[in-house]
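Following: one structure in structure tokens, then a few remarks.
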Amino acid sequence: MSLESILNNEFVYTLLDTLRDVLPIILVIFGFQYFVLRQRIKNIKKILIGLVYVIFGLAFFLVGLEKALFPLGEIMAQQLTNPEFIYGSAQQVMEFIRWQDYYWVYIFAMAIGFATTIAEPALIAVSIKANSVSGGAISVWGLRGAVALGVGIGITLGSFRIVTGTPLHYYIIAGYIFVIIQTFFAPRTIVALAYDSGGVTTSTVTVPLVTALGIGLATTIPGRSPLIDGFGLIAFASLFPMITVMGYAQISHWRANRQTQSNLENTSGE
Amino acid sequence: MLPIILVIGFFQLLILKQPIPNFMEILGGLLMVILGLALFIKGLEIALFPIGESMAYAFARKGSLFWLLIFAFLLGFGTTIAEPALIAVANKAATLAAQAGAITDSEVSRNDYAYWLRITVALSVGSAILIGVLRILRGWPIQWLIIGGYLIIVTLTSFAPEEIIGIAYDSGGVTTSTITVPLVTALGVGLASSIKGRNPMIDGFGLIALASLTPIMFVMVYGMILS
């Protein structure tokens, strides 16, 4: 079989998968539109074309990821967590784990968390919406950057947790407490959006790569069980964006305040 | 896309010191990713956003709370049950549960475990969107719902079997798919802007947050019932 035909088959397969994913949504929407709301959809033609764009766009996106990045990312996660890479030789018996030896894993976790989140389509959607609803006060890139930073920090800390083998819920509960305290100091308009950005970060791009990293770590480190320790990275990735987005809002709020204050001082000084 | 390429290129060539396999195939894949993303964003703006908003306005005009809530539930349930990320995680969880001896290691019991895990998560997302829509209508502050949810999760964590905790926490993140997020966001913002006294920034967002919280609770309860 030529490369061309494999590519085509895979694309058709992914397209059907995407269609299956979209179908229940389309059924619910059109069912309600015609049977409950009993009204015609405005610009039905334009909307159908848009849906075709969405389905084809997602299928292209997924096939491209499958071809280009997932295999490489997964192999890299395995190689970086391989004791041979970390300790230099396979002979060395690992009696105890020094968490410092895994520094490349942490750097990789930070970098891959940040990079995959920047490319996440769901986050792009929410950023566009937040930008238009806030009248431009929240910039698309500012929000995407803040969320990506949060995911990077989250995955790094999550890898550290797997290496040290500390219980997941301590971290999550501490994170929750931090989020709750921060909520009372953050500008009111950002709170709902910040909470949302926890959930949007982890869909198409981030989940497969991050899961591979987690399972890779938990399988190669002695004394870790993939079932108990391998999962949990996604939970970190959905917790920390809340903190960074609220932080982002606090900083821009503070800077805007200082700006108006210095403007006031300037005008009163003249 | 550029950041991902830089990260992978850097680690592959400089740290692991390995050549990049199938370079041409990867290049082709990258082009597809960029094309796909451009198409997706275009479709988002002409289809998903307008449809979510126009339905929100139509429901607000019609004023039928019952149907709006049914719609909210079905939207959450329908989009989650078919979610590929969830299917992948559920299957992985079933394999690991079988290895750990939490369930018998057979094809049937593994499929059963994965299937009911998906149903559980889909139910929880459906209820989350329902509660979230009710919150927008009533104007409840989001932080009280979230803090309440956190308290329930923390309490459940101390009773749930240890092997389910990681999966439960993760299932919160994987539920919200690329198509659900824009639709649900447009619905929330549309509802908040068509109801008097609601601010789209304060009240319109928050549906996704609830949808990532309830699966954690439901899956832990699922684990408690199974053991």
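Below, read A as the first sequence line, B as the second, and so on, with proteins coming before strands; counting in each chain starts at 1. It should be emphasised that the depicted structure is a prediction, and the values quoted were computed from it without experimental measurement.
Summarising the geometry, atom CD1 belonging to A:I49 is positioned 10.5 Å from atom NZ belonging to B:K42; distances are rounded to the nearest 0.5 Å. Separating the CZ atom in B:F205 from the OG atom in A:S197 is a distance of 10.0 Å, to the nearest 0.5 Å. In this structure, A:Y195 OH and B:I208 CD1 are separated by 15.5 Å, a value rounded to the nearest 0.5 Å. Between the CG atom of B:L74 and the CD1 atom of A:I29 there is a distance of 11.5 Å, given to the nearest 0.5 Å. To the nearest 0.5 angstrom, B:W67 atom CH2 is 11.0 Å from A:F35 atom CZ.
A 6.0 Å sphere centred on OH of A:Y176 holds more than 12 heavy atoms belonging to other residues, nucleotides or ligands. Under a cut-off of 6.0 angstrom, the local environment of OH in A:Y170 is sparse, with at most 12 non-hydrogen atoms contributed by other residues, nucleotides or ligands.
Only the side chain of B:I153 comes within contact range of chain A, judged by heavy atoms closer than 4.5 Å. Contact annotation for B:I146: only side-chain heavy atoms (C-beta onward) come within less than 4.5 Å of a heavy atom of chain A. In this structure, chain A has a heavy atom under 4.5 Å from the side chain of B:L183, while its backbone stays farther away. Only the side chain of B:I216 comes within contact range of chain A, with heavy atoms under 4.5 Å apart. Using a 4.5 Å cut-off between heavy atoms, B:I70 contacts chain A through both its backbone and its side chain. A:V52 does not touch chain B: none of its heavy atoms, backbone or side chain, sits under 4.5 Å away. Only the side chain of A:I172 comes within contact range of chain B, judged by heavy atoms closer than 4.5 Å. The part of A:L233 that comes within reach of chain B is its backbone (N, CA, C, O), which places non-hydrogen atoms under 4.5 angstrom from that chain. Contact of A:F114 with chain B is not made at all, since no heavy-atom distance falls under 4.5 Å. Using a 4.5 Å cut-off between heavy atoms, A:T116 contacts chain B through both its backbone and its side chain. Interface remark: A:A59 contributes no atoms to any contact with chain B (heavy atom separation under 4.5 Å). Interface residue B:L48: only side-chain heavy atoms are found under 4.5 Å from chain A.
Not counting sequence neighbours, the partners of B:N91 by the side chain to side chain contact (heavy atoms under 4.5 Å, CB included) test are B:I87, B:A114. Residues satisfying the side chain to side chain contact (heavy atoms under 4.5 Å, CB included) test with B:L68, not counting sequence neighbours, are B:F59, B:V133, B:L137, B:L191.
Residue with the most contacts toward chain A among B:L27, B:T157, B:I147, B:T185: B:I147 (heavy-atom pairs, distance under 4.5 Å). Between chain A and the residues B:G36, B:S54, B:G28, the most heavy-atom pairs under 4.5 angstrom are made by B:G36. Chain B forms the most heavy-atom pairs under 4.5 Å with one residue out of A:G57, A:G31, A:G214, and that residue is A:G57.
Minimum interatomic distance between A:T189 and B:M201 (heavy atoms only, all atoms of both residues): O-CE, 3.6 Å. When all heavy atoms of A:V191 and B:I142 are compared, the closest pair comes out as CG1-CG2, 3.9 Å. When all heavy atoms of A:A192 and B:I202 are compared, the pair lying nearest together is CB-O, 3.5 Å. Heavy atoms only, all atoms of each residue included: A:I47 and B:A47 are closest at O-CB, 3.4 Å. Minimum heavy-atom separation, B:S212 to A:G199: OG-CA, 3.5 Å. The shortest heavy-atom contact between A:A125 and B:F49 is O-CZ, 3.4 Å.
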_Candidate pair B:I34 and A:F60, rule side-chain contact (heavy atoms from CB on, under 4.5 Å), full reasoning_ = CA-CA 8 Å; B:I34 293 164; A:F60 271 122; over 6 Å; no
*Taking it one step at a time, do B:L39 and A:F61 satisfy side-chain contact (heavy atoms from CB on, under 4.5 Å)?*
CA-CA 9 Å; B:L39 276 176; A:F61 184 75; over 6 Å; no
_Derivation and outcome, side-chain contact (heavy atoms from CB on, under 4.5 Å), residues A:I128 and B:E45_ = CA-CA 9 Å; A:I128 293 173; B:E45 277 165 350; 3.9 Å; yes
_Test side-chain contact (heavy atoms from CB on, under 4.5 Å) on B:L37 and A:I124; report intermediate values, then the result._
CA-CA 10 Å; B:L37 214 51; A:I124 300 176; 4.3 Å; yes
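Under the 30°/60° scheme for interplanar angles, the aromatic rings of A:F32 and B:F71 are found to stand perpendicular.
With contacts defined as side-chain heavy-atom distances shorter than 4.5 Å, the pair B:F77/A:V28 does not qualify.
At distances below 3.5 Å, at least one donor-acceptor pair connects side-chain atoms of A:D196 with backbone N or O atoms of B:G206.
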